[in-house]
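What follows is a single structure, written as structure tokens, with notes after it.
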Amino acid sequence: MLEKIRETVAFIESKITITPEVGIILGTGLGGLVRDIKNQQLLEYKTIPNFPLSTVDGHSGRLIFGELGGKKVVAMQGRFHYYEGYDMKQVTFPVRVLNFLGIKYLFVSNASGGVNPNFEIGDLMIINDHINLIPNPLIGPNIAELGSRFPDMSDAYDKRFIALAKEVAKKNSIMVQEGCYVGTTGPTFETPKEYQYFRIIGGDAVGMSTTPEVIVARHMKLPVFAISIITDLGVLGKIKIVTHEEVQEIGKQAEKKMTLIMEEMLKGL
Ligand code: HPA
């Protein structure tokens, strides 16, 4: 694993002249953030040794290096999901690579289904905790160079980032929710009872990504900020049929607000 990471990092460093300070994982329908990245240097996933290939529509699969909010960043356009058939080491491999490229912070975005009855479609939710129901990516021999055997998860989502995001949102009159993200394998959306179950166990939203990347980032002690667009509601009486296309469309609509928050946060770091 370490050798693979180093090989991939050496390849990327031979192609790219930017040393990124912040890594950004762009979720479903949120790829538009890349339009604001200046002085871009691109690498297609398919050209990067050891990188998995993304298979879902709407994820084009490339690393975008550049500047955003005055910071050097690397954005992942396209991420890997467990439901695609990758194992958890593959799903999280890019995060390990980004860490070895030198990022100091990881920003993550995703789309999710709201289970908190106070949420509406199109809301943004700052993630302040998670419940991971996807196999843990750290199962297997621990690699001490990456982190400890039993990593702490008590502050998986950095409180300074949560405070900063709320401050930015307030200043720009953007309403934000805050809550717990439940990570599930997918690829099915939930049954009504499954949504109800996720609410009962403490979730505010449910989605098919993010928790693996956050676990691996925290293993490496990388501070994390994560934000979710509520693209549908798993709330009794408000449940309707969701399609992947609808999730992407709602994601697009909320993109402006999300982009603004991310950029202003970067400026404030
Ligand atoms: N459930 C799981 N994943 C999702 C959902 C959902 O309702 N919406 C967007 N991603």
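Everything quoted here is computed from the prediction, not taken from an experiment. Both ligands and their constituent atoms are indexed starting at 1 by order of listing.
- Interface of Gly113 with ligand 1, defined as ligand atoms under 4.0 Å from a residue heavy atom, comprises 5 (C), 6 (C), 7 (O), 8 (N), 9 (C).
- If you check which protein heavy atom lies closest to atom 3 (N) of ligand 1, you get Gly207 CA, 3.4 Å.
- Below 4.0 Å from some heavy atom of Asp232 lie the following atoms of ligand 1, by number and element: 5 (C), 6 (C), 7 (O), 8 (N), 9 (C).
- Aromatic ring centroids of Tyr195 and Phe189 lie 6.0 Å or more apart.
- Under the 4.0 Å criterion applied to side-chain N and carboxylate O atoms, Arg160 and Asp158 are assigned as salt-bridge partners.
- Closest to atom 10 (N) of ligand 1, if we only count protein heavy atoms, is Ala111 O, 3.5 Å.
- Each of the atoms 8 (N), 9 (C) of ligand 1 lies under 4.0 Å from some heavy atom of Thr231.
- In Leu236, the CG atom is not crowded: 12 or fewer heavy atoms of neighbouring residues, nucleotides or ligands sit closer than 6.0 Å.
- Every atom of ligand 1 with a heavy atom of Glu190 under 4.0 Å away is listed here by number and element: 1 (N), 2 (C), 6 (C), 7 (O).
- The six-membered or imidazole ring of Tyr45 lies near that of Phe80, with a centre-to-centre distance under 6.0 Å.
- The Ser112 neighbourhood of ligand 1 comprises atoms 5 (C), 8 (N), 9 (C), 10 (N), with distances under 4.0 Å to a heavy atom of that residue.
- Under the 4.0 Å criterion applied to side-chain N and carboxylate O atoms, Asp152 and Arg218 are not assigned as salt-bridge partners.
- Between the side chain of Thr8 and the backbone N or O of Pro49 there is at least one donor-acceptor pair closer than 3.5 Å.
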